[in-house]
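Atoms considered below: every heavy atom in the structure, side chains included; atoms not considered: hydrogens, waters and symmetry mates.
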Amino acid sequence: METREIAYKGTTLNGFFMLFLNLALTIAAIVMFVFAVDNESWQLGAGSVVTLLVSLFLWAGFMMLEPGEARVVMFFGKYVGTFTRTGYYWINPFTTTKKLSLRARNLDAEPIKVNDKEGNPVMIGLVLVWRLKDTYKAMFEIDSQTMASSNAQVGTDVKSMMAAFERFVRVQSDAALRQVAGQYAYDDTESRSEDITLRSGGEEINDQLEAKLNERLAMAGIEVVEARINYLAYAPEIAAVMLRRQQATAIIAAREKIVEGAVSMVKMALDQLKEQDIVRLDDDKKAQMVSNLLVVLCGEDNAQPIVNTGSI
């Protein structure tokens, strides 16, 4: 992902040093004011006012960052860099900063109804892990206000900002999921084992979904760490019909296997009777024996044997 983010290189001082210095200035301003009142000195009074104003000005430059956070720094509307060092610092009070979280976040999207390659309506959902990678693109190349819901306002705090980004990720993940799901059939209903389906695609489908999401979210400086389909089912209106179709397919496959095995067993029986010369059968007797054996081997109920005391 091509980045336009730069590190902040402006003046940065230790926050604790500036805190003690600012407290000292505040105390000095109060002492000067007291002396000015006692001595009726306007010079000391003016000095105390100036010192107090400087102290108040310096208070606006303090900021603190935790691990996994960043601050986008602007100087009168111009982007001057992103501050990512953790700790307590003081920077130029004329700059404005917006805090963003760089930590990984989960999105468990609710299943949506889409049409697969064959036009069947299916319910499909995903879970993805994402995080901000480029703070410049996140802040200045998309409109965070439009990412919020219609009745919500995006503030300057990190919670509301990240909620707006999550809204953007949710909308784009919905579009990417629809695009990927429409390229494949839900299942291999025609026994084409070489075709990839949503059910059998596995990692390949997930990799393609992740690539589509990265492509869509790159404009917002968002990186997808992992994306997976976590829910897949036919839509309720066709679920019962498709279940019966799957059951019929399974029954047919099982019958084919049973018949294949029965035919091989009948052939083996006839060959052994012939090789060991146990009994000689004409074509009619062979046909009758084959019919009886197939009925016994392919039938679902247990066979009822009949003892033949006469000729075969």
Which heavy atom of [X] sits nearest to which heavy atom of [Y], and what is that distance?
| X | Y | value |
| --- | --- | --- |
| T135 | A70 | CG2-CB, 4.4 Å |
| V73 | I91 | CG1-CD1, 4.4 Å |
| G47 | M32 | C-CE, 3.4 Å |
| N214 | I222 | OD1-O, 4.5 Å |
| A181 | V114 | CB-CG2, 3.7 Å |
| S48 | F33 | CB-N, 3.5 Å |

Between [X] (side chain only) and [Y] (backbone N and O only), is there a donor and an acceptor less than 3.5 Å apart?
| X | Y | value |
| --- | --- | --- |
| N230 | L126 | yes |
| N206 | I229 | yes |
| W90 | L58 | yes |
| Q172 | L217 | no |
| R167 | M162 | no |
| N22 | S55 | yes |

Roughly how far apart are [X] [atom1] and [Y] [atom2], rounded to 0.5 Å?
| X | Y | atom1 | atom2 | answer |
| --- | --- | --- | --- | --- |
| M161 | S101 | CE | OG | 11.5 Å |
| R71 | T96 | CZ | OG1 | 10.5 Å |
| K117 | L198 | NZ | CG | 11.0 Å |
| T26 | L21 | OG1 | CG | 9.5 Å |
| D207 | K212 | CG | NZ | 13.0 Å |
| L102 | R105 | CG | CZ | 10.5 Å |

Pairs meeting criterion ring pair (Phe, Tyr, Trp, His ring centres under 6.0 Å) with involvement of residues 116-136, two or more places apart: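 The answer is Y79-Y136, Y136-F140.
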Positive for side chain to side chain contact (heavy atoms under 4.5 Å, CB included) with V169, one of V224, D174, L213, L107: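 Answer after filtering V224, D174, L213, L107: L107.
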Is the [atom1] atom of [X] crowded by more than 12 outside heavy atoms at less than 6.0 Å?
| X | atom1 | answer |
| --- | --- | --- |
| F17 | CZ | no |
| F20 | CZ | no |
| E204 | CD | no |
| F94 | CZ | no |

Close side-chain approach of [X] and [Y], heavy atoms under 4.5 Å:
| X | Y | value |
| --- | --- | --- |
| E203 | R228 | yes |
| D134 | E141 | no |
| L177 | L209 | yes |
| L65 | F83 | yes |
| L19 | W59 | yes |

Within residues 47-68 or reaching into it, pairs that qualify as salt bridge (charged side-chain N to carboxylate O under 4.0 Å, His left out) - sequence neighbours excluded: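 Sorted pair list: E66-R103.
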Side chain to side chain contact (heavy atoms under 4.5 Å, CB included) assessment of D116 paired with Y184: CA-CA 6 Å; D116 67 359; Y184 301 96; over 6 Å; no
Pair M139-M74, side chain to side chain contact (heavy atoms under 4.5 Å, CB included): steps then yes or no: CA-CA 11 Å; M139 290 300 303; M74 292 168 288; 5.6 Å; no
hydrophobic_cluster_shared for V50 and V31, side chain cutoff 4.5 Å: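 Result: no, two separate clusters.
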Side chain to side chain contact (heavy atoms under 4.5 Å, CB included) evaluation trace for Y186 with N120: CA-CA 8 Å; Y186 174 87; N120 297 319; 5.6 Å; no
Results of ring-ring contact (aromatic ring centres under 6.0 Å, His included) for Y88 - residues two or more places apart only: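 With neighbours one apart ignored, the set is F16, F62.
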Side chain to side chain contact (heavy atoms under 4.5 Å, CB included) between I124 and V180, worked out: CA-CA 11 Å; I124 186 170; V180 172; over 6 Å; no
